Protein chains: 2
Amino acid sequence: MSSAILRSKQLSEPTVARLPIYQRIADEWSRRGNLHIDSTTLGSLAGVQPATVRRDLSGLGALGTRGAGYECETLSTRINETLGRNHRYDIVVVGLGNLGRALINSENFLSGGAELVGIYDIDPEVIGTEVAGLTVQSFDVDIVSAMVGVMCVPASAAQSVADRLVASGIHALLNFAPHVVAVPIGTAVRYVDFSIELQILEYQLTNGTGPLGGGVLHTLGITPPVVTRSV
Amino acid sequence: MSSAILRSKQLSEPTVARLPIYQRIADEWSRRGNLHIDSTTLGSLAGVQPATVRRDLSGLGALGTRGAGYECETLSTRINETLGRNHRYDIVVVGLGNLGRALINSENFLSGGAELVGIYDIDPEVIGTEVAGLTVQSFDVDIVSAMVGVMCVPASAAQSVADRLVASGIHALLNFAPHVVAVPIGTAVRYVDFSIELQILEYQLTNGTGPLGGGVLHTLGITPPVVTRSV
DNA sequence: GGATGTGAAGTAGTTCACAGCC
DNA sequence: GGCTGTGAACTACTTCACATCC
């Protein structure tokens, strides 16, 4: 931890990854007509211990009511604030294959403050078409300024696309290509790999370890309580 | 750990999640004409410490050569064996929107032992069409026996689809819908949520924490060394 | 009574540092 | 000389347990 970082509360990555889940559950709970939700309920739906829920949420400042639990709407709002979803940030999507389209049309991809400001492809068939209110641009033109670049391209193109994005001033990449890209220091890369998800699931099944259990939520590195059983 | 589990080595989930990454790097390294790769190189490309690489790989049995490093091909093979990619397992995909198509056509989704044995949808337009050598079935018919069900459906349909899959004997779900599903004990659910990935990236950027650094790989809960810098 | 928030304890995962081997 | 494999130290995260408050 350097003195250069002056944010008051540092939330750990596991905690940050769980917040959107709590929010989703709180929203759903609210929709079903409940005003409050307690840490036990929240935890069992999220697949984590009540104590973990409380520890996580205590990091956002006191927002629970002793005896009652957490008010669903307040919780949801506070999570939005904490994750910085209120201030918008721009993203561009490179590659408009099935995956690119799936993301852009997805009901939640752009739900958290991300503003889509550019779509790029190299296929003349799709360049110039309208998607989500934007005209698809050739990847040869200048890339518009943005905070995050989302790469939905084949593995073979990943490195050159990453280079291009970095050169145009984008220092955060979300890479869906199954390929490791090299980037300069100061650039963040986050990888999403479907086959890895499947493989982890498969490994856990054949080993009897991992996220077995009712109502278990297992997202992005969150390790739920292990219900040990022979499979 | 229960006595019911008799696997000799238990690899931790973080380790299991890193193995496919090491493999990808080893394959790439091999393709570039190298016979061996050492833990320092592997680590810097994967965004983890050399010691972590060695600790991870030591779990698969001694396969490194002191003084030289790890033989790329042996490493790749051993990872396949460890993750159980050699024995095939069946999966079904429910929902043939953009995402379902993206997965099925993806160059790596089915690369690790998964065998696609059924595709289901409710849209009469796509039912009966041929995709990846299979005829798309109505979700009303009996679901074929499989190990894993991949859910590429809207959030609103997630719970009923999960219920249906569980009822037909599938006890491992990979859920792409942004919705928490309740399942009986003994069923594993793994969630993939793109918006969460974006949000974590955004949070890390605005906090100066997280995966900043050259050549950093950050996949699925792997926490690379934090290169602290003011952003 | 009932549920939060948090020190303290426990556990898992990472990193150090070095003996051992090529 | 160089690099692996691993006990030991360390760090981070989780869970317990209870004082505190509604």
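In the text below, chain A, chain B and the rest are named by the order of the sequence lines, each starting its count at 1. For clarity, every value in this text was computed on a predicted model and none was experimentally measured.
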As a test of reading the structure: which of C:dT14, C:dA17, D:dC16 is closest to the side chain of A:Q49, going by heavy atoms? D:dC16

Answer with yes or no whether B:R66 presents, from its side chain, a donor or acceptor under 3.5 Å of a partner atom in the base of D:dG1. no

Would you classify B:L42 as touching base, sugar-phosphate or nothing, given that sugar-phosphate means primed atoms plus P, OP1 and OP2, and contacts are heavy atoms under 4.0 Å? nothing

Using whole Å, what does the distance between atom P of nucleotide D:dG5 and atom CG of B:L57 come to? 8 Å

Measure CD1/B:I37 against P/D:dT4 and give the value in whole Å, please. 10 Å

Could you check whether the rings of A:F176 and B:F194 sit parallel, tilted or perpendicular, using 30° and 60° as the cut-offs? perpendicular

I'd like to know if A:E28 and A:R24 make a salt bridge, using a cut-off of under 4.0 Å between side-chain N and carboxylate O. no

In whole Å, I'd like the distance from the NE2 atom of A:H36 to the P atom of C:dG2. 17 Å

Give a yes-or-no answer on whether the side chains of B:T77 and B:N80 include a donor-acceptor pair shorter than 3.5 Å. no

Quick one: A:R55 CZ to C:dA9 P, roughly how many Å, whole number? 13 Å

If you check the A:P14 side chain, which of C:dT15, D:dT4, D:dC13 turns out closest? D:dC13

Sugar-phosphate, base or nothing in reach of A:S39, heavy atoms under 4.0 Å: sugar-phosphate

Residue-phosphate contact under 4.0 Å: B:Y70 side-chain N/O, C:dC22 OP1/OP2: no

Just checking, any donor-acceptor pair under 3.5 angstrom between side chains of A:Y22 and A:D56? yes

Does A:R18 make a side-chain N or O approach to OP1 or OP2 of D:dT14 shorter than 4.0 Å? yes

Between P on D:dC3 and CZ on B:R54, what's the gap in Å once rounded to a whole number? 10 Å

Without decimals, in angstroms, what is the distance between A:E13 CD and C:dA12 P? 20 Å

Taken in chain and number order and not counting sequence neighbours, the residues that satisfy side-chain hydrogen bond (donor to acceptor under 3.5 Å, both in side chains) with B:S76 are B:Q23, B:D27

Side-chain N or O of A:T65 versus OP1/OP2 of D:dC22: is the shortest distance under 4.0 Å? no

Between D:dT4 atom C1' and B:L75 atom CG, what is the distance in whole Å? 13 Å

Between C:dT6 (P) and A:D56 (CG): distance, integer Å: 13 Å

Is A:T52 close enough to D:dT15 that one of its side-chain N or O atoms is under 4.0 Å from OP1 or OP2 there? yes

